[in-house]
K.L.:
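Right, I'll just put the structure down here and ask away after.
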Amino acid sequence: MEGGIEKADKTEFKECFNLTRKQPYILRLAFSAGIGGLLFGYDTGVISGALLYIRDDFKQVDRSTVLQETIVSMAVAGAIIGAGFGGWMNDRFGRRPAILVADVLFFIGAIVMAIAPIPGIIILGRIFVGLGVGMASMTAPLYISEASPAKIRGALVSTNGLLITGGQFLSYLINLAFTKAPGTWRWMLGVAGLPALIQFILMLMLPESPRWLYRKDRKEEAVNILRKLYPADEVEREVEALHLSIEAEIAEEGPVGEAGFATKIRSAFASVVVRRGLAAGILCQVAQQFVGINTVMYYSPTIVQLAGFASNSTALALSLITSGLNAAGSIVSIFFVDRVGRRRLLLISLVGIVICLGLLSGVFFGAAAHSPPVSATESRFAGNSTCPDFHPASGMKWNCVKCLKAPSDCGFCAHAGNKLLPGSCLLVNDMVKDTCKANHREWYTRGCPSNFGWLALIALAAYIISFSPGMGTVPWIINSEIYPLRFRGICGGMAAVANWVSNLIVAQTFLSLTEALGSAATFLLFCCISVLAFFLIFLIVPETKGLPFEEVEKMLERKGYKPWKSWKTAPSQVQGH
């Protein structure tokens, strides 16, 4: 297929509806594989809410930000391994077995987390889930793409992205549904095993990718599957097209296709096209994570609490907004990425991200500066539970922020009449927390009472709106278009690993940064990184909109290559590999 990766447009969605109505087997196939995207999205979102209640059940987790970060990030670490193993398994055994193994791993992880007696077992379950997520995230879109009719392939593959963000939204709904149930977080994490089980059963009844079968010389099986996907009068034409496509692919790979991994790596880096493509592709993937998106997706209820909303259920309900906006942004991207262009959409997205992160930083600076003071009189209402680090007799003046940063693990009990008036700084334990709430007061251990909370939510929502259509989806599109066919698998794998590793770094450090620097300075740091990403993307990432793969390669190898200059026609003079 010429022109790069297929993207869905309005005509294609209409054709998709008509064809799937006539050939419902196609929809069954796409939906069954697409559950992998749903699982990917669900796991990303569910831990953000479950973490609030895991902290309540395990005091060692509540006291250790590193332990909280480890619970979140071990799934990402597992995904890095799962993605690498999944790539090998896809080539060796096929797409269908890779999805089945991913479902088994995910199901085991969900059950282990649901029955975990200690935080260490939760972490073990997160690793299993991560292995499944890593395999499913790369295999599901590949299976759908290879088993879909060409004229509706873009629409069907686009639904995988929608299912990822839909899974995130579903996770917030389920989190909210179980806030009052006994065992809250166990249900939140354990229920993920259900869609994994459903997908496993559905995939047992579905075939292997016809393209993989044909490539492995199992041509009769591949043709039989194509007969189920296409009207009878189109089957022969599709078989011939598949034959020509695979022959061309093998010829294009040439000796590189048969070479070992180390030889492929050396051949790739010897090419100026690959070096320039990797610079752009990996930059997009790393920037996607370091502008802070997964701090929002993994920790959005915690961020809402940092903004001054103390209740777990309130934090979850408000976080539902961010997940819904993220899903909506994926839809917006489908309609604009081929009209506005990849490069321009990335840069516009980053401008919005910088503004929103700057606003978030300002909101948290303002909230800290106007934090309610600690009153010695107020602190006496809980008896001998006053924070031992607070010594008002020595003239010490504290506010809520200083109280929460006290070495002795203290919390802030707000004034009963007005939470912005002076409150009390007390030791953190269940008895003190219950006493505070029994007196119709709010109990704060993460953030402080503030009038700036709603402004933080608006900035958070605007951040998601800015991120999702541009930095959320375009890096993956850039990486599908910018590498020569013979190196596409290995380069795409390197870029995906760069994304997961960056994801791991951000997830493992966010809470520690907020503790060490404060929320305001942490968001300011992400803001500065986003400014740097804007300039690097401007200087390094070219526009690939509407270019066939061959033209992208010619653009990257030409002498005097300038990524910020648009590519109209192939110049006569090019720089060799």
K.L.:
Any side-chain heavy atom of F526 within less than 4.5 Å of one from V506?
P.N.:
yes
K.L.:
A side-chain contact here means heavy atoms from C-beta on lying under 4.5 Å apart; do V541 and C284 qualify?
P.N.:
yes
K.L.:
Measure the spacing between CZ of F58 and CD1 of I71 and express it to the nearest 0.5 Å.
P.N.:
8.0 Å
K.L.:
Y214: what forms a ring-ring contact (aromatic ring centres under 6.0 Å, His included) with it, not counting sequence neighbours?
P.N.:
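Testing Y214 for ring-ring contact (aromatic ring centres under 6.0 Å, His included), a comparison that skips the adjacent residues, returns none.
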K.L.:
What residues, two or more places apart in sequence or in another chain, satisfy side chain to side chain contact (heavy atoms under 4.5 Å, CB included) together with F128?
P.N.:
L105, I108, L124
K.L.:
For S512 and E69, test the side chains for any donor-to-acceptor distance below 3.5 angstrom and give the result as yes or no.
P.N.:
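Yes, side-chain donor-acceptor contact under 3.5 Å.
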K.L.:
With a 4.5 Å heavy-atom cut-off, do F40 and L163 have their side chains touching?
P.N.:
no
K.L.:
Do the non-hydrogen side-chain atoms of V46 and I174 ever get within less than 4.5 Å of each other?
P.N.:
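They are not in contact (no side-chain heavy atoms under 4.5 Å apart), so the answer is no.
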K.L.:
Is there a side-chain contact between I293 and M471 (heavy atoms, below 4.5 Å)?
P.N.:
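They are not in side-chain contact.
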K.L.:
Is there a side-chain contact between D103 and L197, using heavy atoms and a 4.5 Å cut-off?
P.N.:
no
K.L.:
So, do Y53 and W185 have ring centers that fall under 6.0 Å from each other?
P.N.:
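No; W185 has its ring centre 6.0 Å or more from that of Y53.
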K.L.:
Are side-chain heavy atoms of Q199 and F107 found at a separation under 4.5 Å?
P.N.:
no
K.L.:
Do I80 and V501 have side chains that approach each other closer than 4.5 Å (heavy atoms only, starting at C-beta)?
P.N.:
yes
K.L.:
Test side chain to side chain contact (heavy atoms under 4.5 Å, CB included) on D43 and R126; report intermediate values, then the result.
P.N.:
CA-CA 9 Å; D43 181 70; R126 294 287 293 161; 2.8 Å; yes
